[in-house]
Enquirer: 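Pasting a structure below so you can have a look.
Nothing here was measured: the structure is a model prediction, and the numbers come from that model. Here is how names work: the chains are called A, B, and so on, in the same order as the sequence lines, proteins then strands, and each is numbered from 1. Side chains are part of it too, since the values below use all heavy atoms of this structure and drop only hydrogens, waters and symmetry mates.
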Amino acid sequence: MVWKIFLFLLLAFVSVAGIAFPIVEKPSAWYEFPFIPGLEENAKIIFFHVPTAWVTVIAFLMSTVFSFRYLKNKNLDDDLKSYVAAQLGMVFCILATVTGAVWAKFAWGAFWSWDPRQTSIFALLLIYGAWFALRSSIESEEKRATLSSVYSIIAFVTVPFFIFVMPRIMTGLHPGSADDTNLGPVVNFKMNSNMLLIFFLSLIGFTILYFWMWQVGYKSLIYKEKIQKQLLRG
Amino acid sequence: MNSKAYNLFLKDFRSELRTRYAINALAMFIIVAISVILFSIGNEKINENLTAGLFWVVIFFTAMSGLSRAFVSEEERGTTLTLQLIASPTTVFSGKLIFNVILVFAMNAIIALLYGTLFEDFVIKNFLLFLATFVLGNIGLAVSSTIIAAIIAKAGAKGTLYPVLSFPILLPLILTCVQLTLFSFDGTSFDKSKFELAIVVSYDVIMITVSYLLFDFIWQE
């Protein structure tokens, strides 16, 4: 219970600080963010866009690891865990896409411009959209678990192409593209210490939030199964 | 490659020649798709970019309309169990893969010929590069669509789900192949397109490995 209050306070602080703290040329007070050329006032969305993208990666990675474990042990529990992780990953993936598109509107001038990163997150949405479509088309539980595990592993091996290869061969606007010289605000540490602190607090807060949501989702599915079994019996 | 896989391929080949279902459907699909594109272009002049993209669009949708037959036909005829009894999963996958590779090569050769005659901008300056792209791209396309076809055949929905499942898997291959086709139109040398060719080669190798590793699980389901 204590850590739930802690999580609430942490995320409340991050939200308030990320939105309300002013950006000034020469920060002197502890609550002032530095002015980063090229990002300007848009810099504030970094506290929400990067953590959602980070959680997306964790969630889909977890989903694939549990798929892998299902194929190894044939334990339906693993399939359930993988399913919950993928569901949450989809939610955070949509959030990352939307926050990214909003940021792109103000930084690059358009919501969507098929930058390599945008292409890869679009492919990620397609992969998991297809994955849920595949799951809903199969009745038998074991069959559904096996086939969707296989598909998620096949999809997983194509991910390096999107994350590491595509941005290198296509010119793009997102930090880390082929023609990018300054590696973005996070990698290059252009943020000052209080900005970095809030950034990492946000990262930690979102990660804890994800694992909590994942636990709640997993438990609710277990209870659902139990209730269904009892209803069938009685 | 053992002789059992070859025999399996021969079985598929003979039954295909008897019904000519896939060949007829694919040939008609190619004609329909290309004529739709030609009608929509009309008298407009389209550039090289668009020609290369449209070339792979037709290849993708043609593959999606015909390649799922390999495994779906076995499920429809109810011969899956017999196959499971007489051959190991690796052999079955090899046999189906050979059949699909040959089908993809035949259909893409026809598409390339039609594009060469019908589209003004389909002028290949670096023919060797185009040939390399064509061969590597076809292998990747055949492997990915064969393993997805195996999944589709086991799942209930056969028609609509196939392109949905295949597209994200094929996307890196198609994007790189469009780029390489453009290079071959521009007459870019092999040296300058080394990185893109390496991507396609690694895609093929990864997909072949993963398919052979995972096919056992699909087949025994």
Enquirer: Heavy-atom count around A:Lys219 NZ within 6.0 Å, excluding the residue itself: above 12?
Expert: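 Atom NZ in A:Lys219 is not crowded, with 12 or fewer foreign heavy atoms closer than 6.0 Å.
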
Enquirer: For B:Ile151, is there any backbone N or O sitting under 3.5 Å from a side-chain donor or acceptor partner on A:Tyr151?
Expert: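 Not confirmed, A:Tyr151 side chain does not pair with B:Ile151 backbone.
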
Enquirer: Got a sec: does the CD of B:Glu120 have more than 12 other heavy atoms crowding it under 6.0 Å?
Expert: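 At most 12 heavy atoms, drawn from other residues, nucleotides or ligands, come within 6.0 Å of this atom.
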
Enquirer: Begin with the C-alpha distance, continue with both residues' side-chain angles, and end with the deciding distance and a verdict on side chain to side chain contact (heavy atoms under 4.5 Å, CB included) for A:Thr158 and B:Leu171.
Expert: CA-CA 9 Å; A:Thr158 66; B:Leu171 196 57; over 6 Å; no

Enquirer: Does A:Phe132, at its CZ atom, have more than 12 non-hydrogen atoms belonging to other residues, nucleotides or ligands within less than 6.0 Å?
Expert: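 Yes, CZ of A:Phe132 has more than 12 neighbouring heavy atoms, counting only those of other groups under 6.0 Å.
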
Enquirer: Counting only heavy atoms not in A:Phe68, do more than 12 sit closer than 6.0 Å to its CZ atom?
Expert: no

Enquirer: For a quick test of your reading: what N or O donor-acceptor pairs under 3.5 Å do the side chains of residues 141-150 of chain A make, sequence neighbours left out?
Expert:
residue  : atom : partner  : partner atom : Å
A:Lys143 : NZ   : B:Lys154 : O            : 3.1
A:Thr146 : OG1  : A:Glu142 : O            : 2.9
A:Thr146 : OG1  : B:Glu221 : OE1          : 2.9
A:Ser148 : OG   : A:Arg135 : NH1          : 3.1
A:Ser148 : OG   : A:Arg144 : O            : 2.7
A:Ser148 : OG   : A:Ala145 : O            : 3.3
A:Ser149 : OG   : A:Ala145 : O            : 2.7

Enquirer: Sort B:Ser202 into side chain, backbone, both or neither according to what part of it lies under 4.5 angstrom from a heavy atom of chain A.
Expert: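 Contact with chain A is through both the backbone and side chain of B:Ser202.
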
Enquirer: Using non-hydrogen atoms only, which part of B:Ile148 is less than 4.5 Å away from chain A: side chain, backbone, both, or neither?
Expert: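 Answer is side chain: those atoms of B:Ile148 sit under 4.5 Å from chain A.
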
Enquirer: Quick check: closest heavy atoms across B:Ala155 and A:Leu134, and the distance to 0.1 Å?
Expert: CB-CD1, 4.1 Å

Enquirer: Which atoms of B:Phe215 come close to chain A, meaning under 4.5 Å heavy atom to heavy atom: side chain ones, backbone ones, both, or neither?
Expert: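 No part of B:Phe215 comes within 4.5 Å of chain A.
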
Enquirer: Mind listing the closest non-hydrogen atom pair of A:Phe162 and B:Pro168 along with its distance?
Expert: CZ-O, 3.8 Å

Enquirer: Any chance CZ of B:Phe190 has more than 12 other-residue heavy atoms, nucleotides or ligands included, within less than 6.0 Å?
Expert: yes

Enquirer: Assess whether atom CZ of B:Phe29 is packed by more than 12 heavy atoms of other residues, nucleotides or ligands within 6.0 Å.
Expert: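 Check passes, neighbour count above 12.
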
Enquirer: Would you mind checking which part of B:Leu165 comes under 4.5 Å of any heavy atom in chain A, side chain (CB onward), backbone (N, CA, C, O), both or neither?
Expert: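 Backbone plus side chain of B:Leu165, per the 4.5 Å heavy-atom cut-off to chain A.
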
Enquirer: Taking atom NZ as the centre, does A:Lys229 end up with more than 12 heavy-atom neighbours from other residues, nucleotides or ligands that are less than 6.0 angstrom away?
Expert: no

Enquirer: Looking at B:Phe167, I want to see if its CZ is surrounded by more than 12 non-hydrogen atoms of other residues, nucleotides or ligands under 6.0 Å.
Expert: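 No - once you tally the heavy atoms of other residues, nucleotides and ligands closer than 6.0 Å, there are 12 at most.
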
Enquirer: What's the verdict on side chain to side chain contact (heavy atoms under 4.5 Å, CB included) for A:Phe161 and B:Ile206, showing C-alpha distance, side-chain angles and the deciding distance?
Expert: CA-CA 11 Å; A:Phe161 286 99; B:Ile206 289 174; 4.0 Å; yes

Enquirer: Heavy-atom distances under 4.5 Å only: say whether B:Leu213 touches chain A with side chain, backbone, both or neither.
Expert: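 The answer is neither part of B:Leu213.
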
Enquirer: For A:Lys74, enumerate each residue passing the salt bridge (Lys or Arg N to Asp or Glu O under 4.0 Å) test, keeping only those at least two apart in sequence or located in another chain.
Expert: none

Enquirer: Just checking heavy atoms, which of residues 120-127 of chain A are less than 4.5 Å from chain B?
Expert: A:Ala123, A:Leu126, A:Ile127

Enquirer: Looking at B:Ile169, B:Val164, B:Leu173, B:Ile147, which makes the most heavy-atom pairs under 4.5 Å with chain A?
Expert: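 Looking at each of B:Ile169, B:Val164, B:Leu173, B:Ile147 in turn, B:Ile169 comes out on top.
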
Enquirer: For the candidates A:Ile154, A:Val157, A:Val159, which exhibits the highest count of non-hydrogen atom pairs separated by less than 4.5 Å from chain B?
Expert: A:Ile154

Enquirer: Tell me, side chain or backbone of B:Val210 under 4.5 Å from chain A's heavy atoms, or both, or neither?
Expert: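 Contact with chain A: side chain only.
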
Enquirer: Residue by residue, scan residues 49-56 of chain B and write down, ordered by number, those that have a heavy-atom distance under 4.5 Å to chain A; if none do, write 'none'.
Expert: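 Contacts with chain A: none.
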
Enquirer: Among B:Pro172, B:Ala150, B:Ser144, which residue forms the greatest number of heavy-atom pairs with chain A at distances under 4.5 Å?
Expert: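 Greatest number of close heavy-atom pairs with chain A: B:Pro172.
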
